[in-house]
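A short write-up of the structure that comes next.
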Amino acid sequence: MKALCSCMRFVALVLILNLFFQASYQLTELQVCNLCGGTILNSSEVGHFCFLSAGRIDGRCCLRNDTTNDPEHIIGLDLSNCSLTCVQDLQGASTAFMIDLSFNPLVNISDTAFQGFNKLNYMILPQNIDCPGSNTSWEKVKIKEGNRHCEGQRNICNETGQLSMNCPENSLCAPFGPGFFECSCAENFRGYKCLREGEFPALQVFGPLAASTVVISVLLWATQRRKAKSL
């Protein structure tokens with residue numbers, strides 16, 4: 001009975017930790033949406049995009065869920081005219097399709113600020129700021145009304161099978177934000193630089209680990225039970 005209770009406590013702990021990490025992620029999104037006062041104007045570029053995308057405005061964010069079962073995520077972020085001098089952590093908006101940072105006294109933007117922003121397809125920046133990943137990472141770059149518009153994020157991986165000379169042999173290339181890519185092992189390959197062929201030996205690796213965990217748990221339970229009886 002006590003073993004069952006211990007198991008239930010462990011499951012409850014796992015669920016609590018899962019909820020905590022989900023809440024932390026949602027808090028990060030909330031922080032991004034409130035980096036600047038006010039709300040998205042319907043007449044703005046992001047406001048127009050949000051309307052056409054059937055999104056919902058919350059502060060400086062446009063939110064949408066792709067299905068009724070999915071949580072809302074950011075598809076647009078408008079931080080224009082927010083007196084920002086630098087761009088720090090915007091990872092809470094990594095799902096955004098459009099970001100507006102115009103009319104800010106920005107000096108420069110870190111090369112890694114938009115790493116992982118795979119869906120980002122349109123950016124509006126002050127004219128003195130280059131597009132993330134350099135202008136060559138975008139299909140079209142133009143100056144309009146004193147702002148730089150970056151349109152159509154380019155896939156720097158090869159178009160043929162997503163193979164890239166930048167990735168090791170037996171691996172595939174995938175875009176990872178403007179000017180970035182990531183490599184993952186091709187099917188049936190694994191390990192360092194994808195040099196090992198065959199499926200990962202999960203049973204051989206996790207089997208002994210699971211067995212030792214069970215043995216230690218039983219020993220601890222027996223020890224605690226012996227102490228309880230002695231009392």
Side-chain angles (χ1 to χ4, degrees), residues 7 10-11 13-29 32 66-67 69-71 73-75 87-97 99 108-123 130-141 150-220:
C7 182
F10 176 76
V11 172
L13 179 61
V14 171
L15 291 174
I16 291 171
L17 289 173
N18 186 42
L19 290 173
F20 171 76
F21 286 120
Q22 287 183 355
S24 298
Y25 177 75
Q26 292 172 356
L27 180 61
T28 303
E29 281 198 343
V32 170
D66 295 326
T67 65
N69 296 326
D70 291 336
H73 56 274
I74 296 174
I75 62 170
V87 175
Q88 296 178 341
D89 184 14
L90 296 180
Q91 287 301 315
S94 61
T95 56
F97 290 87
I99 295 179
N108 57 48
I109 295 179
S110 168
D111 291 337
T112 60
F114 298 99
Q115 191 173 16
F117 284 62
N118 297 342
K119 297 180 179 179
L120 187 57
N121 202 47
Y122 197 103
M123 285 198 73
D130 287 336
C131 298
S134 79
N135 294 343
T136 58
S137 297
W138 300 82
E139 296 289 346
K140 185 178 181 181
V141 178
C150 317
E151 303 178 24
Q153 182 183 159
R154 282 181 173 171
N155 182 351
I156 65 173
C157 296
N158 245 332
E159 295 294 333
T160 57
Q162 301 298 303
L163 295 169
S164 172
M165 295 298 293
N166 297 315
C167 288
E169 188 179 0
N170 305 322
S171 66
L172 302 176
C173 176
F176 197 58
F180 289 95
F181 65 92
E182 61 180 353
C183 303
S184 59
C185 294
E187 187 178 358
N188 209 36
F189 287 92
R190 59 183 175 82
Y192 177 68
K193 291 189 176 181
C194 306
L195 294 175
R196 296 191 177 185
E197 190 172 1
E199 295 183 357
F200 180 75
L203 184 60
Q204 291 89 329
V205 173
F206 295 113
L209 179 62
S212 60
T213 302
V214 171
V215 171
I216 292 172
S217 299
V218 171
L219 290 174
L220 289 174

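Enclosure of atom CD in E139 by more than 12 non-hydrogen atoms of other residues, nucleotides or ligands within 6.0 angstrom is indicated.
Here the OG1-CG distance, from T95 to L120, works out to 10.5 Å after rounding to the nearest 0.5 Å. Taken from SG in C185 to CZ in R196, the straight-line distance is 11.5 Å, to the nearest 0.5 Å. In this structure, CG on N135 lies 5.0 Å from CG on D130, to the nearest 0.5 angstrom.
You'll find the side chain of T112 reaches within 4.5 Å of the side chain of F180, heavy atoms only. You'll find the side chain of F117 reaches within 4.5 Å of the side chain of Q91, heavy atoms only. A 4.5 Å side-chain heavy-atom check between I109 and F114 finds at least one atom pair inside the cut-off. Side-chain contact between I99 and Y122 is absent, with no heavy-atom pair separated by less than 4.5 Å. Inter-residue side-chain proximity for Q115 and F176 is flagged as met; some heavy-atom pair is nearer than 4.5 Å.
Closest non-hydrogen pair, C167 versus L172, comes out as SG-O, 4.0 Å. For the pair A93 and V32, the tightest heavy-atom approach, listed with the atom from each and the gap, is CB-CG1, 4.0 Å.
Of the two cysteines examined, C183 and C194, the SG atoms fail the criterion of being under 2.5 Å apart. Of the two cysteines examined, C131 and C150, the SG atoms meet the criterion of being under 2.5 Å apart.
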Show the numbers, then the answer: is there a side-chain contact (heavy atoms from CB on, under 4.5 Å) between F181 and N155? CA-CA 8 Å; F181 65 92; N155 182 351; over 6 Å; no

W138 vs Q153, side-chain contact (heavy atoms from CB on, under 4.5 Å): CA-CA, chis, key distance, verdict: CA-CA 5 Å; W138 300 82; Q153 182 183 159; 4.0 Å; yes

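A donor-acceptor pair under 3.5 Å is formed between the side chain of N118 and the backbone N or O of G177.
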